[in-house]
Amino acid sequence: MVVHSAAERVLAGLDPEQRSAVTAPAGPVCILAGAGTGKTRAVTSRIAHRALTGDISARHVLAVTFTARAAAEMRARLSALGVGGVQARTFHAAALRQVRYFAPRLLEGRAMPELLDSKVRVVTLAAAKVGLRADRAAARDLAGEIEWAKSSLVEPGEYVVAAAKALRETPYEPAKVADVFAAYERLKRGNGVIDFEDMLRAAVWGIEEHADVAEQVRGQYRHLVVDEYQDVNPLQQRLLDAWLGGRDDLTVVGDASQTIYSFTGATSSYLVDFPRRYRGATVVRLVRDYRSTPQVVGLANAVIAQARGAEARLRLELHGQRPPGPEPDLRIFTDEPAEANAVAARCRALIDGGTPAREIAVLFRTNAQSEAYEKALTEAAVPYVVQGAERFFERPEVRQAMIALRAATRSIPGETPLPAAVVEGLAAVGWAPDTPPAGGAARERWEALAALVQLAEEYAATPEVVPIGEAVAIERPVTLGDFNEELARRAAQQHVPTVEGVTLASLHSAKGLEWDAVFLVGLAEGTLPTTYAKTPEQVEEERRLLYVGITRAREWLWLSYAAARSPGGRARRPSRFLPQLDRSGGGERAGAGAARRTERRRAQVVSCRICGATLLAGADRKLGRCPTCPSDLDEELYERLCEWRQRVAGAQKVPAYVVFTDATLTALAERKPGRTEELIAIAGIGPRKLGLYGDTVLALVAGAAVDEVCPQKSFEI
């Protein structure tokens, strides 16, 4: 009776879909769980309910996930539900535990090899063995390729063909990478060490090749649970199959629309194919989103609805369960500094309005984008923390570049234009403007140093004003020495330690996290999707990245892009994934008519007079400002305009809005036009209304009383 009441309490508060997942019969169960739908609650409740009803023993459950944080959360929730003894671990932790336990038996008394914390040092040595000089960034990229190959069950001799099939962007010629891979394996064996993939392989080998080990492992773990199943790679699936040994008491949880790690070898194919592999499997879809407002959920649905490919077959249309909130802000800025400054100002306003800094995040596609936001937040006195990466000026490549630029002041002539001097100085650390690497850590390094060149271009655009006498001054071009001082100042400002602050993070590192307010920035073609997304599959993964970013927001969401990277730079287009910012003409065929419509749209672009963002909503364009920017309404003028409108509407026997809408009156009282040109610039005042009311409105704005411009008599049209 006590057990039954405890099991009933587990079911209390679950929605119908969650309850279906929890009470599904033993056997293969696939829980397709959208963002914010309570997947952790569902899967832990399933384990607890089965244990409390006596269907299973908790000590026979192995639940695996991908982060220690997620595993700890599982254990905490199970404990709160009154169930202890479940092994909730990452794949690596579970494999390490088993390999260590069986090592005396498998290694016949030999000591277990030491586990490498990082491949980079051994990869650097392996590269040297085959005639490559790999710096730290190149070594990290080589290590990533080796990790992908081993996770994909690819051997050194198979690498070239496998990389070609997978369209890998390799840091060196594939044959050279294969040589480094082979040398790396030889060095490991010679030094008696193993890496994390070796450990997973050892766990697989122990079970597949030793019947006694298999019997003991499978006797211990009879019920398997896998979280984030869309992120499993072939090696992890091989280990899962070894644990199962042909049995089917398996519960998997995943969301194909959040598959964003395929570059590491992860594949959603196992999730997509689960119902075919396990005939008769129970499939449950969790679609009630408890995290985000319906407005945020609606945008997420709109973005992922355009998805194509295998993952799209399992996409879920989410239904927001929270009360309505603000519409997502969609903003366009002239350049990236303007975008960053506007984001910082809005963060400051949110914090001043009571939103904790820790509940705000700025998310971008690559870590190299963080510098502009670190600078803008610093100048706005907004504390911040960088998630999953070092602060810009703490990155090794940036520190090395600053040393090189200081040294360059002794060899580069002082009259050399600053941007050219910086490019020349960075040559000492191997950077060149026209040779960006294909991707990975080397590309991140290149982008970080390119950001220094961009800073130099911006800094050079503001010459120093030098006084030479009373009321006399000259402009002095900034030098490399001046720029070095500016970099040192910025570094000092941004190195101030913070206990709590706005989170700066890449979209990849934001996976699994959530905030009250989220800024998704830099949403331009070439950045999201990145220029390196060449195949349809790669483009779709970029779309899913944006989807993941959108679904991190609980209530307030900002999406923006800069029309140019720097002031006066080459124009860019918004990300193709943003339907609200689509300027393509809704899929119409190209031609003279479409060109005229495109030109008309371009002529109607209005910028916020306060923050500079492009205004998209009609009411915002009338006001000339974003709804979140401060109003400077002249209340007395607004009252006179309302009284005048009432008299005119009464005389014409029409509703007041036919004369002017409330939004137009508000715009007039805020912007206070003094000339006809300024009046026409207000959306909603066309030639007809200008002819009817233009002079009268200008007189009212100038201070005239209503009785002076509109006596109590009939108003003739």
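Given the structure is predicted, the values throughout are model-derived calculations rather than measurements. Position 1 is the first residue of the sequence; numbering continues from there.
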What verdict does the side chain to side chain contact (heavy atoms under 4.5 Å, CB included) test give for Leu523 and Thr527, after you've listed the backbone C-alpha separation in whole Å, the side-chain angles of each residue and the deciding distance to 0.1 Å? CA-CA 7 Å; Leu523 303 181; Thr527 303; over 6 Å; no

[X] side, atom [atom1]; [Y] side, atom [atom2] - distance, nearest 0.5 Å:
{"X": "Leu578", "Y": "Leu299", "atom1": "CG", "atom2": "CG", "answer": "7.5 Å"}
{"X": "Phe196", "Y": "Thr90", "atom1": "CZ", "atom2": "OG1", "answer": "9.0 Å"}
{"X": "Cys347", "Y": "Tyr373", "atom1": "SG", "atom2": "OH", "answer": "10.0 Å"}
{"X": "Glu540", "Y": "Tyr547", "atom1": "CD", "atom2": "OH", "answer": "13.5 Å"}
{"X": "Glu311", "Y": "Arg544", "atom1": "CD", "atom2": "CZ", "answer": "4.0 Å"}
{"X": "Asp231", "Y": "Asp255", "atom1": "CG", "atom2": "CG", "answer": "10.0 Å"}

Determine the interplanar angle of the Tyr261 and His508 rings, folded into 0 to 90°, and report it as parallel if under 30°, tilted if 30 to 60°, perpendicular if over 60°.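 Ring orientation, 0 to 90° scale: tilted.
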
Assign the ring pair Phe333 / Trp558 to parallel, tilted or perpendicular, where the plane angle (0 to 90°) is split at 30° and 60°.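 The arrangement is parallel - the two ring planes meet at less than 30°.
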
Taking all non-hydrogen atoms of both residues into account, name the closest pair between [X] and [Y] and its distance.
{"X": "Ala376", "Y": "Ala344", "value": "O-CB, 3.4 Å"}
{"X": "Ala33", "Y": "Leu316", "value": "C-CD1, 3.9 Å"}
{"X": "Leu286", "Y": "Leu318", "value": "O-CD2, 4.5 Å"}
{"X": "Ala401", "Y": "Leu452", "value": "CB-CD1, 3.7 Å"}
{"X": "Asp227", "Y": "Phe66", "value": "O-CE1, 3.5 Å"}
{"X": "Leu633", "Y": "Ala669", "value": "CD1-CB, 3.3 Å"}

Quick check: do [X] and [Y] have side-chain heavy atoms less than 4.5 Å from each other?
{"X": "Arg322", "Y": "Arg554", "value": "yes"}
{"X": "Pro328", "Y": "Gln295", "value": "yes"}
{"X": "Phe91", "Y": "Val232", "value": "yes"}
{"X": "Ile351", "Y": "Ile360", "value": "yes"}
{"X": "Phe519", "Y": "Leu350", "value": "yes"}
{"X": "Ser575", "Y": "Pro529", "value": "yes"}
{"X": "Thr264", "Y": "Asn233", "value": "no"}
{"X": "Tyr384", "Y": "Thr503", "value": "no"}

Would you find a donor on one side and an acceptor on the other, under 3.5 Å apart, between the side chain of [X] and the backbone of [Y]?
{"X": "Arg77", "Y": "Val43", "answer": "no"}
{"X": "Gln18", "Y": "Thr37", "answer": "yes"}
{"X": "Gln369", "Y": "Thr366", "answer": "yes"}
{"X": "Gln387", "Y": "Val385", "answer": "no"}
{"X": "Thr44", "Y": "Arg41", "answer": "yes"}
{"X": "Arg573", "Y": "Glu525", "answer": "no"}
{"X": "Thr124", "Y": "Ala139", "answer": "no"}
{"X": "Arg572", "Y": "Ala562", "answer": "yes"}
{"X": "Arg315", "Y": "Ala307", "answer": "yes"}
{"X": "Ser292", "Y": "Ala553", "answer": "yes"}

Going by atom types only, do Glu339 and Ser560 share a side-chain donor-acceptor pair under 3.5 Å?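 Yes, a side-chain donor-acceptor pair sits under 3.5 Å.
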
Do Gln230 and Glu228 pair up side chain to side chain, a donor and an acceptor below 3.5 Å, judged on atom types alone?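 Side-chain D/A pair, Gln230 to Glu228: present.
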
Any chance you could lay out the side chain to side chain contact (heavy atoms under 4.5 Å, CB included) test for Gln306 and Arg576, step after step, and finish with the verdict? CA-CA 10 Å; Gln306 304 303 314; Arg576 71 191 74 174; over 6 Å; no

Full working for side chain to side chain contact (heavy atoms under 4.5 Å, CB included) between Leu507 and Val548: CA-CA 7 Å; Leu507 288 165; Val548 167; 6.0 Å; no

Partner of Glu514 by salt bridge (charged side-chain N to carboxylate O under 4.0 Å, His left out), out of Arg552, Arg291, Arg358: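 Considering Arg552, Arg291, Arg358, a salt bridge (charged side-chain N to carboxylate O under 4.0 Å, His left out) with Glu514 is found only for Arg291.
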
Take a 6.0 Å sphere around CG of Asp117 and say whether it holds more than 12 heavy atoms from other residues, nucleotides or ligands.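 No, because the 6.0 Å sphere around CG of Asp117 holds 12 heavy atoms or fewer from other groups.
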
For the pair Trp556 and Asp329, evaluate side chain to side chain contact (heavy atoms under 4.5 Å, CB included) and give the outcome as yes or no after the intermediate values. CA-CA 8 Å; Trp556 197 86; Asp329 265 339; 3.5 Å; yes

Among Val453, Leu487, Asn484, which residue meets the side-chain contact (heavy atoms from CB on, under 4.5 Å) test with Val422?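 Testing Val422 for a side-chain contact (heavy atoms from CB on, under 4.5 Å) against Val453, Leu487, Asn484 leaves exactly one candidate, Val453.
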
Would Glu397 and Arg136 count as a salt bridge (charged side-chain N to carboxylate O under 4.0 Å, His left out) if you check the C-alpha gap in whole Å, the side-chain angles of each, and the deciding distance to 0.1 Å? CA-CA 9 Å; Glu397 61 268 25; Arg136 184 169 181 82; over 6 Å; no

Electrostatic pair Glu371-Lys375, nearest N-O below 4.0 angstrom: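 Salt bridge: no.
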
